[in-house]
Amino acid sequence: MKLNRFIFAALFAAVLAARAVADENSVAAARIEKQIRETCDKVVPAFVFIGGGSGVVISSDGWFLTNFHVAATPKMNGAMVLDRLDQTCNLAGGHFYRCEFVGYDPVGDICLGKIKDAHDLPYVELGDSDVVKSGEACIAVGNPFMLGSMDYHPTVTFGTVSANHVNANAGYTDVIQTDAAVNPGNSGGPLFSVDGKLLGINGRINTRFGNRVNSGIGYAIPVNQIKNFMRDLKKGGYVRHALLNGLQGAQNWADLHAEAEGAVVKSITAGSNAEKAGFKKDDLIVEVEGHTVHNYWRFLGALGAYPGGSEIEVKVKRGAETVDIKVTLDKMPKHAMAKTKPDLGATFENAEDGSGIKVTKVRAKTDAALKGLKSGDVILKFNGQAVQDAESLQLAISKFPTWKTIPVVIKRGEVELDIEIKLEPKK
Amino acid sequence: MNRFNAFLAACAVVLSGTARAEDTPETEWQKVQETFAAAIEKGHKSTVALEVKAKFNVPPDPKPLPGEMPNTGRNPAYTKRPKTPTTGFVIDKDGHVMTSFFNVDGKVESIKVLFPDGKSAAGTLLGVDESKDIALIKVEPEGLELKPIEWVEKQPEVGAFVMALGRSPEPASGTATRGIVSAVDRIDQTFNAIWEQSIQFDAKTNYGNSGGPVIDLNGRLVGVVAHVRLHSPWGQNSGISFATPTWKIKEVLDKLKAGERLKKPKLPFLGVGPKESSTLVVIGTISPDSAAEKAGLKPGDVVRQIDEVKIGEWGDFTNYIKKKKVGEKVIIKITRGEEELDVEATLGERPNNQ
């Protein structure tokens, strides 16, 4: 009957249509999944297992990033210590490397390291953290709870950018917030966009009641901030963040919450850098280097992305006018850790009779005193190298971090002795 | 006839239209969402709720990891199980239901299996595999509409989407969490419920969906949700979840059907602790009565190699031993003072407090 053919054809068409739709659905989902898997294949080999945390290789000759708090370790008295030399790390898969820490940012919680004797290492490209928006997908790679320390396979997690340019205080002033699962052990590790570009370095999670596990709020230091500091980090030593002296904004919650269009300049200190640059009381700061600033807290956060001494452009509204101000930012005071210089615990000078470097005074309660160094001892070798004069010995000492134990060879009378001395912070 | 031809032509137009519709990001995302929804719906058909009455074993409170702050919020209530059901899933038409060992760890008095269509049946516990955290239950299939889950043999890759399904707290309502595969062949015997190779993923799992199926984009089983890692306070998930993969289940399925109880194996133990050194791997401590002591290892020995593996850092050393079995022999190359020695040790059992 004709009707049967209609019914058959209709059913057939309906099934084909449904299958076409379902196939298309799964093609779309499979395509996204494939992109995620391919990104994982691309970025995981550049992952670094280091200390109790993570890192990521950013150049084929071995520059890598991690958190400062992964590189520095706390000592018994609570002080943080950064031992620059003789570090080791493993890349994903387990390959062992020797490395050293070169540039340090204790405020921004970044450390730049260099893998030694490295070439053709897998590395990741730096992305653009400024254009990242809430809702974008992101991928974190890390070593939470040291789960990867046995097989050297890091942990990959997937989530959403919850917010960008977040001022989470205490150095995390311009961060990307994400709900990708990051836990203790993820610190120092990379946060990627879905196409595999580095967006930031994961470093902190927001938790309550002492529960040091993820609850959906992770903070990553943005790659654009790291780029701003890269030259200073590569030069080596402690970098310094920026301040703007002489400009005060909202001083309480009520004032801060009343701001939405910009940061109100509440007062300018006479004779200050801010005044000289051209800021005036009641100015409304609306942009910093092209970034929108909606209140004073965000303004302070924006400053946190630049090294001290940077010249930046700030846009303010003054009445009906818009004024562009160029200002050279002040430098934050030197970090306490940057101030400690290593010291032998004893003074020494070139012996007048030319016999070498003579110890003149050993300070009490130092490791040198404990190990039996005495006034009159002649220092022959420092860290296995012969030392010619007091100046070169001082230079050799200054290359080491405080608290490092160094083998020293001394001569006392006719006898040569081996002593190991732990370098003290210079007082 | 004309009308029929016209109808066929209309179908052709409709079909071609469906195939070539321009995709906006919204419609593309909509398609993706529909894929997930279809996979979840398919998996839910096989997912069941379990009400287990038992005198449950209480897991020991684990020690914090070295360098870790003790969790200040660890609450004894963590070891008390919530009164809500847990999850399992149907694996065949004979009435076999798989779940996690955690859900039946203790003296089981009764098991009630609640199906998606509202029916329920009494379950009998068959076999368990403690170190895979899986257990097998049997119901009588008469009168039940059993929809066995589709298995996949091949393990998913890192980055693949996975969903963990549950039927808790309400058996009639299926739940789903979504994430990606974080790592495969993960072994962690310190805090994990699974002591063998597992799939690590970041879809959230907690008490209620323990024992549930982990499915892929096509709604097929890739693993069984293991009990949430003991590390976090109150047993709260923090994006680190584990599942026993299907290939591991297949290894023991016949034994579980036969009712065998496969216990957790003793872990291999050498009995050495490290001496802090930045460049060398040096033994610092030897546990009394341990394999290390019996083999003649001493504090101060510098470890260079174990069997074929060159040792660069302490982790290499312990990682190798963790992969061995109790009773296996290992040859450790050490430097003691000026001498280079080969030391043979027979691995012992890890004591409970290590």
Side-chain angles (χ1 to χ4, degrees), chain A residues 2 5-6 9-10 12-13 16-17 20-22 24-33 36-41 44 49 52 83 85-88 90 94 96 98 139 144-159 180-184 209-216, chain B residues 1 3-4 7-8 11-12 14-15 18-19 21 23 28-36 38 65 67-69 71-73 157-161 179-188 191 200 202 217-218 229 231-234 236-240 278-279 312-313 315-316 318-319 322-323:
Chain A
K2 276 185 202 167
R5 268 191 292 185
F6 269 117
F12 186 63
L16 277 185
V21 170
E24 273 210 52
N25 289 351
S26 56
V27 161
R31 202 169 32 234
I32 290 180
E33 183 180 73
I36 295 173
R37 284 199 289 106
E38 283 173 356
T39 294
C40 290
D41 287 343
V44 162
F49 290 90
D83 191 340
L85 307 169
D86 296 334
Q87 297 298 329
T88 61
N90 295 70
F96 173 81
R98 301 206 176 274
I139 295 171
F145 307 131
M146 314 287 238
L147 282 166
S149 295
M150 179 155 160
D151 52 16
Y152 293 113
H153 293 154
T155 292
V156 181
T157 51
F158 178 76
V182 286
N183 284 279
F209 310 121
N211 294 347
R212 286 188 67 220
V213 296
N214 187 271
S215 62
Chain B
M1 267 317 202
R3 271 189 300 170
F4 185 64
F7 182 74
L8 279 180
C11 287
V14 166
L15 279 177
T18 322
D23 267 334
E28 166 114 325
W29 184 239
Q30 182 64 25
K31 288 180 179 156
V32 170
Q33 294 287 73
E34 280 164 18
T35 305
F36 283 121
L65 290 167
E68 184 202 22
M69 269 173 23
N71 282 312
T72 52
E157 291 173 12
V158 171
F161 281 120
I180 63 164
V181 173
S182 298
V184 293
D185 297 333
R186 187 71 95 198
I187 304 181
D188 181 75
F191 291 110
Q200 185 187 332
D202 66 1
L217 270 186
N218 297 302
R229 188 177 157 83
H231 176 88
S232 49
W234 296 299
Q236 156 213 335
N237 189 280
S238 63
I240 312 270
S278 56
T279 48
E313 53 175 43
D316 300 334
T318 51
N319 290 346
K322 275 188 196 159
K323 291 180 185 153

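Chain A is the first sequence line, chain B the second, and so forth, proteins listed ahead of strands; every chain is numbered from 1.
- Heavy-atom pairs under 4.5 Å with chain B were tallied for A/Gly94, A/Gly52, A/Pro144, A/Gly148; the largest tally goes to A/Gly148.
- Side-chain contact check for B/Ile180 versus A/Val156: some heavy-atom pair is nearer than 4.5 Å.
- Looking at B/Asn218, neither its backbone nor its side chain comes within 4.5 Å of chain A, counting heavy atoms on both sides.
- Partners of B/Asp202 according to the salt bridge (charged side-chain N to carboxylate O under 4.0 Å, His left out) rule, which considers only residues two or more places apart in sequence or in another chain, do not exist here.
- Taking the salt bridge (charged side-chain N to carboxylate O under 4.0 Å, His left out) definition, one finds that A/Glu38 meets it with A/Lys34, sequence neighbours left out.
- Put simply, CD1 on A/Ile32 and CD on B/Glu28 are 5.5 Å apart, with the number rounded to the nearest 0.5 Å.
- Scanning both residues, B/Ser238 and A/Ala181, for their nearest heavy atoms gives O-CB, 3.6 Å.
- Listed options A/Leu147, A/Thr39, A/Ile36, A/Val44 were ranked by heavy-atom pairs under 4.5 angstrom with chain B; first place goes to A/Leu147.
- Neither the backbone nor the side chain of B/Ala38 comes within contact range of chain A, judged by heavy atoms closer than 4.5 Å.
- The minimum heavy-atom distance linking A/Thr157 with B/Ser182 is given by the pair CG2-OG, 3.8 Å.
- Heavy-atom distances place no part of A/Asp41 under 4.5 Å from chain B, backbone and side chain included.
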Q: Show your working on side-chain contact (heavy atoms from CB on, under 4.5 Å) between A/Val27 and B/Lys31 and close with a plain yes or no.
A: CA-CA 9 Å; A/Val27 161; B/Lys31 288 180 179 156; over 6 Å; no

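- Heavy atoms of A/Ser149 lying under 4.5 Å from chain B belong exclusively to its backbone.
- Contact annotation: the side chain of A/His153 never approaches that of B/Gln200 to less than 4.5 Å [non-hydrogen atoms, C-beta and beyond].
- Checking side-chain atoms of A/Asn183 against main-chain N and O of B/Ile240 turns up no donor-acceptor pair under 3.5 Å.
- When heavy atoms are compared at a cutoff of 4.5 Å, A/Phe158 approaches chain B by way of both its backbone and its side chain.
- When all heavy atoms of A/Cys40 and B/Gly159 are compared, the closest pair comes out as SG-CA, 3.9 Å.
- Residue A/Phe49: no heavy atom, backbone or side chain, is found under 4.5 Å from chain B.
- A distance of 11.5 Å separates CE of A/Met146 from CG of B/Asp188, quoted to the nearest 0.5 Å.
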